[in-house]
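All ligand and atom numbering here is 1-based and tracks the order in the structure. Everything numeric here is computed off the predicted structure, so don't read it as measured data.
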Amino acid sequence: MSISSTDRIVIFDTTLRDGEQSPGATLNVEEKLAIAHQLALLGVDAIEAGFAIASPGDFEAVRTIAEQVGGVPGGPIICSLARAIREDIKAAAEALQPAAHPRIHVFLSTSDIHLKYQLKKTRDQVLAIAEEAIAYAKSFVQDVEFSPMDASRTEPEFLYQVLSTAIAAGATTINIPDTVGICTPKEMEKLIQGIRKNVANIEQVILSVHTQNDLGLATANALAAIENGVRQVECTINGIGERAGNAALEEIVMALQVRKPYYNPYLGRPVESEAPLVNIKTQEIYKTSCLVSQLTGIAVQPNKAIVGANAFAHESGVHQDGVIKHRETYEIMNAADIGLPENRIVLGKHSGRNAFRSKLQELGFDLNEADFNKAFIRFKEVADKKKEMTDWDIEAIVRDETQIQ
Ligand code: KIV
């Protein structure tokens, strides 16, 4: 049974390759290795460890990860990127040599704009280069992924032709990059449906998608692709990557967990609600996010979905009141699901009496109604002037407004 005909989605993590292409995110070998170990703990299926030809350091990183993380059967696939050039492919193969399950990821531009201005090649030349490069990669490893770069801006008939050629040449995964992040989810749906209908033997390979976030649609596009039959998604921790970044692993994984079932077009039925859609241990998400942020130096924005500091924090009185009474009134996930000990009630000027009372209890204060009212009025006055009220502020208010010392 091919992977396409199961419900499982392959998580291909490219934090160490596309993610490292974030300006300023450069990682050394030890840092890459530490992240790779954590990605393996998280349970990703494939780790794109780098671009072996890019620098001696990247070669070393791919090789070390291939040996120390991917060196035993049952571990993740270890992958290196390569242009459709013999030297790149040879370097990738050499770096991947210690891996139990090595993958070479060959990419080649296919859109007219790239052919005219960047590659300066004809379509026929591109077809021949793709065929030759995949066959060459195949002489080193079984598992070859092919990406037609700028696929979403490639003329569809030519795209189908390139992909049919790539499969005939031996590609085992066909990855569709929305390189410039221009797709909308509707367009992604059409793109994937067209590929599944028109590319010869597409059902014999794993169909994958790589979505960039230039319009903030990377996760939505990845999900649209999954709903239309894609069985591998390429993503990064915290969504880091070239320009505005990639689809965030944590967003895709939690969306699949919270919002399944999706329709599986290969099986002609909705995804079974009991079926594990991904291998990810979601409780490792937060830890992985912190490690990547710390080692790349790229801070996570506070309102970032899933892993931002505010993702499980509640400030307004109405929301706090609801969450204190029943968590699910304003939470669609449990903080513990991503490895956070608990959600956070943040006291500020929008907070109400219920949240204030619950904070007093937490701090060990048991006020009578009159004292409580005085303290609450004072709390609102102070909160109006501050961004966030700390436990020290609350304690000071209680001591000022009551007889408690
Ligand atoms: O954005 C892109 O097109 C890529 C490919 C190499 C998959 O990163």
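In the model, Asp45 has a side-chain atom that pairs as donor or acceptor with a side-chain atom of Asn279 under 3.5 Å. Donor-acceptor pairing under 3.5 Å is recorded for the side chains of Gln38 and Thr288.
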Report every pair formed by an N or O atom of ligand 1 and a protein N or O atom separated by less than 3.5 Å, giving atom names and the distance to 0.1 Å.
residue  : atom  : partner : partner atom : Å
ligand 1 : 1 (O) : His210  : NE2          : 3.3
ligand 1 : 1 (O) : Gln212  : OE1          : 3.4
ligand 1 : 3 (O) : Thr179  : OG1          : 2.6
ligand 1 : 8 (O) : Arg17   : NH1          : 3.4
ligand 1 : 8 (O) : Arg17   : NH2          : 3.0
ligand 1 : 8 (O) : Asp18   : OD2          : 3.3
ligand 1 : 8 (O) : His210  : NE2          : 3.3

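Geometrically, Arg83 does not engage Phe107 in a cation-pi contact, judged by NZ or CZ lying under 6.0 Å from the ring centre and within 45° of the ring axis.
Proximity of Glu234 to Asp13: side-chain heavy atoms (C-beta onward) are nowhere separated by under 4.5 Å.
The only option from Pro102, Pro98, Ser80 that meets the side-chain contact (heavy atoms from CB on, under 4.5 Å) definition with Val62 turns out to be Ser80.
For Arg86, the side-chain contact (heavy atoms from CB on, under 4.5 Å) partners at least two apart in sequence or on another chain are Glu132, Tyr136.
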